[in-house]
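Notes follow once the structure below has been shown.
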Amino acid sequence: ELVARALHRYGSRRDGPFVTVPLPSLSPSSAEGDLVAQFSRAEGGAILLDEVGDASPELQVQLLRAIEARGPAFDLRILATTQRPLTDLVGAGSFREDLFFRLNAFPIRVPPLRDRTDDIAELAAHFLRRGRPGGDSRIAPEVLAALRSRAWPGNVRELRNAVEHAVIVSRGAPIRAEHLPSPGMPAATPATSLHEVVTCWSEIEMARSPSDLHERFLHAAEPAMLRAVLAQCAGNRAAAASVLGIDRATLRLKLRRYGIEA
């Protein structure tokens with residue numbers, strides 16, 4: 001999104017509006033009308049289609065219609081973001097090829113933080129200045145070395161959280177390497193997508209052991225989902241099976257496997 005805003009700010013349409021559309025949050029029943037309205041709002045400026053790779057097949061159809069409905073009279077720049085490789089999604093049949101070619105006029109890849117470690121010093125100093133307004137924002141060489149040695153599966157957001165953690169733990173003293181949090185998954189917040197969490201978990205677990213990753217993931221994630229659905233269904237297994245999209249016998253086997261009582 002920051003890259004998209006920079007493109008707009010320094011582009012020929014910078015005096016026009018900048019409209020962001022978080023695609024996964026759109027209701028399928030009203031998405032097409034909403035999209036047409038948002039395109040109209042962005043006239044003369046730019047529209048950002050955020051997380052287009054997470055759009056459902058139905059939403060992809062509505063998005064393509066909204067783009068086609070602009071007509072030649074519209075004057076706006078269309079930008080789209082995704083954390084998922086659209087070429088792979090097209091190959092798997094989960095993303096429309098015609099929509100891909102409408103959006104893929106000029107792709108810009110933002111490398112993960114681990115591939116641009118030269119940025120870490122400036123970013124960490126920026127977050128430290130924000131955490132200590134007017135205070136000491138110097139970063140010791142050993143702290144910078146520790147920051148550069150990490151894989152940062154959560155990218156810049158994880159780095160920001162690590163610096164904020166160190167500011168709290170250090171209590172105003174110069175930050176040392178031991179003030180940084182242990183490397184691991186980023187905190188699950190509303191701003192953290194499921195894609196980010198699973199990616200982080202996978203990278204960490206593969207480093208520990210490259211075998212049985214799928215089975216370990218199911219044991220880590222499936223019980224929590226089953227308990228959450230059962231709680232929402234007040235323990236009604238038939239209703240829970242319907243929500244999960246599986247039959248009752250399969251649900252019964254899964255509950256028995258994980259030792260879940262319902």
Side-chain angles (χ1 to χ4, degrees), residues 1-10 18-25 48-54 79-85 108-208 216-217 220-221 224-225 228:
E1 183 176 355
L2 290 173
V3 174
R5 289 185 179 277
L7 288 171
H8 176 62
R9 180 178 180 182
Y10 297 106
F18 183 88
V19 177
T20 300
V21 182
L23 291 175
S25 69
L48 173 61
L49 306 173
D50 200 22
E51 296 298 350
V52 70
D54 292 330
L79 304 162
T81 68
T82 179
Q83 296 187 60
R84 308 174 67 189
I108 298 175
R109 180 179 179 270
V110 180
L113 187 59
R114 63 178 174 270
D115 291 345
R116 46 190 175 100
T117 54
D118 288 345
D119 291 348
I120 288 178
E122 187 172 351
L123 287 167
H126 168 70
F127 295 134
L128 185 54
R129 286 192 296 270
R130 290 204 325 185
R132 287 180 173 173
D136 186 0
S137 60
R138 290 173 296 176
I139 299 178
E142 62 270 19
V143 176
L144 187 56
L147 292 173
R148 284 177 168 161
S149 69
R150 299 193 178 196
W152 300 114
N155 292 300
V156 177
R157 184 181 293 118
E158 185 183 359
L159 174 61
R160 181 194 64 201
N161 290 346
V163 174
E164 290 174 350
H165 178 96
V167 168
I168 294 171
V169 174
S170 64
R171 298 185 178 184
I175 290 178
R176 300 191 301 273
E178 57 263 33
H179 293 148
L180 297 170
S182 300
M185 289 174 59
T189 68
T192 306
S193 71
L194 179 62
H195 176 79
E196 288 178 294
V197 173
V198 174
T199 298
C200 294
W201 183 92
S202 300
E203 291 177 350
I204 293 167
E205 290 299 312
M206 285 181 67
R208 292 175 179 169
R216 283 186 282 139
F217 175 76
M225 179 179 66

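Note that this is a predicted model, so its numbers are computed, not measured.
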Exercise. Going from CG on L7 to CD1 on I108, what distance comes out if it is rounded to the nearest 0.5 angstrom?
Worked result: 4.5 Å
Problem set entry | Whether S170 side chain and V167 backbone form a donor-acceptor pair below 3.5 Å | yes
Exercise. Partners of A140 by side-chain contact (heavy atoms from CB on, under 4.5 Å), sequence neighbours excluded?
Worked result: E142, V143
Exercise. Sub-3.5 Å donor-acceptor pair from the side chain of T82 to the main-chain atoms of E51, do we have one?
Worked result: no
Problem set entry | Contact check, side chains of E178 and V169, non-hydrogen atoms, under 4.5 Å | no
For this session: Measure the CD-NE2 distance between E158 and H165 for me, rounded to the nearest 0.5 Å.
Result: 12.0 Å
Seminar exercise, completed: Closest non-hydrogen atoms of F18 and A4, given as atom of the first, atom of the second and distance, are CE1-O, 3.7 Å
Exercise. What distance do I175 atom CD1 and L144 atom CG have between them, rounded to the nearest 0.5 Å?
Worked result: 12.0 Å
For this session: Mind running side-chain contact (heavy atoms from CB on, under 4.5 Å) on R130 and V163 for me, showing each step along the way?
Result: CA-CA 10 Å; R130 290 204 325 185; V163 174; over 6 Å; no
Could you pull out every donor-acceptor pair under 3.5 Å between side chains of residues 118-128 and any protein atom, sequence neighbours left out?
{"residue": "D119", "atom": "OD2", "partner": "R116", "partner atom": "NH1", "Å": "3.3"}

For this session: Output the distance between atom CZ (R150) and atom OG1 (T117), rounded to the nearest 0.5 Å.
Result: 14.5 Å
Exercise. When rounded to the nearest 0.5 angstrom, what is the spacing between CG in D50 and CD in Q83?
Worked result: 9.0 Å
Problem set entry | V3 versus V110, closest heavy-atom pair with distance | CG2-CG2, 3.8 Å
Exercise. Atom CG in L79, atom CG in L48: separation rounded to 0.5 Å?
Worked result: 6.0 Å
